[in-house]
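What follows is a set of notes on a single structure, which appears directly below.
Every value quoted in this text rests on a predicted model; they were computed, and no experiment measured them. Because only heavy atoms are used, hydrogens play no part in the values below, and waters and symmetry mates are left out as well, while side chains stay in.
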Amino acid sequence: MTAEAEVLGELRRLRARLPQLTGALAASADGLVLAQDAVDGEAEGVAALTAAALGVGQRLADTTGQGGFRELLVRGEQGYVATYAAGASVVLTLLAEPRINVGRLHLEARRSSARIAELVDGALGRSNPN
């Protein structure tokens, strides 16, 4: 099984654990989609915007002395967009309904991002320091 197929499997398991998720994607830090589940035709655009937000998040965390980027949460009128670091080169972005339990979202997404980091880092033949 390829790393992309395994990442897609992880996205699907995450969505099964959190029924209020309306979409999930894993993308490279430079905005290329690795795997997606129900982000429809917007996946490339969401991945590109995630890369831009990641850059801003990294700079903000660094400038304020908060350390390396871990996650970003945006709350809109129609729900949430949450982005999590998944190793050194991948980000996990989730779309969620406004009624989601944000604590559970963070808990499950952090677990999935760690698993995705293992999968991608394993496929690239490097160890994950986190």
Compare every heavy atom of [Y] with every heavy atom of [X], then report the nearest pair and how far apart it is.
X      : Y      : answer
Asn101 : Gly103 : OD1-N, 3.0 Å
Ala47  : Gly31  : CB-O, 3.3 Å
Pro19  : Ala16  : CD-O, 4.1 Å
Ala29  : Leu54  : CB-CD2, 3.8 Å
Ala26  : Val7   : CB-CG1, 3.6 Å
Ala86  : Ala117 : C-CB, 3.5 Å

**Prompt:** Excluding sequence neighbours, so at least two apart, what forms side-chain hydrogen bond (donor to acceptor under 3.5 Å, both in side chains) with Arg13?
**Reply:**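 Expected list: Glu10.
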
[X] with [Y], same ILVMFWY side-chain cluster at under 4.5 Å:
X     : Y      : value
Leu73 : Leu94  : yes
Leu14 : Leu105 : yes
Leu18 : Leu11  : yes
Leu72 : Val91  : yes
Leu95 : Val74  : yes

**Atom pair OG1/CG of Thr2 and Leu119 - distance to nearest 0.5 Å** =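 Taking OG1 in Thr2 and CG in Leu119, the distance rounds to 10.0 Å.
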
**Prompt:** Taking atom CZ of Arg115 and atom CD of Glu6, what is their separation to the nearest 0.5 Å?
**Reply:**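 Rounded to the nearest 0.5 Å, the CZ-CD separation comes to 6.5 Å.
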
**Request:** Determine which pairs satisfy ring pair (Phe, Tyr, Trp, His ring centres under 6.0 Å) with at least one residue from residues 7-37, sequence neighbours left out, and list them in order.
**Result:**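 The answer is none; no pair qualifies.
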
**Prompt:** Quick one: ring pair (Phe, Tyr, Trp, His ring centres under 6.0 Å) pairs with a partner in residues 86-110, sequence neighbours left out?
**Reply:**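 Residue pairs with at least one partner in residues 86-110: Tyr84-His106.
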
**Message:** Would you say that Leu92 contacts Thr83 through its side chain, given a criterion of any heavy-atom pair below 4.5 Å between the two side chains?
**Reply:**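 When only atoms from C-beta onward are counted, Thr83 and Leu92 do not touch, as no gap falls below 4.5 Å.
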
**Request:** For Ala96, enumerate each residue passing the side chain to side chain contact (heavy atoms under 4.5 Å, CB included) test, keeping only those at least two apart in sequence or located in another chain.
**Result:**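 Side chain to side chain contact (heavy atoms under 4.5 Å, CB included) check on Ala96 returns Leu21, Tyr80, Ile100.
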
**Asked** Tell me the side chain to side chain donor-acceptor pair (under 3.5 Å) pairs involving residues 41-66, sequence neighbours left out?
**Response**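 Counting only pairs at least two positions apart or across chains, the side chain to side chain donor-acceptor pair (under 3.5 Å) contacts touching residues 41-66 are Thr50-Thr93.
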
**Asked** If you look only at pairs with a residue in residues 16-37, which of them pass as a side chain to side chain donor-acceptor pair (under 3.5 Å), with sequence neighbours excluded?
**Response**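 Every pair satisfying side chain to side chain donor-acceptor pair (under 3.5 Å) with a residue in residues 16-37: Arg15-Asp37, Arg17-Glu108, Arg17-Ser112, Ser28-Asp30.
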
**Request:** List the steps and the verdict of side chain to side chain contact (heavy atoms under 4.5 Å, CB included) for Arg70 and Arg110.
**Result:** CA-CA 9 Å; Arg70 291 289 177 247; Arg110 289 170 185 157; over 6 Å; no

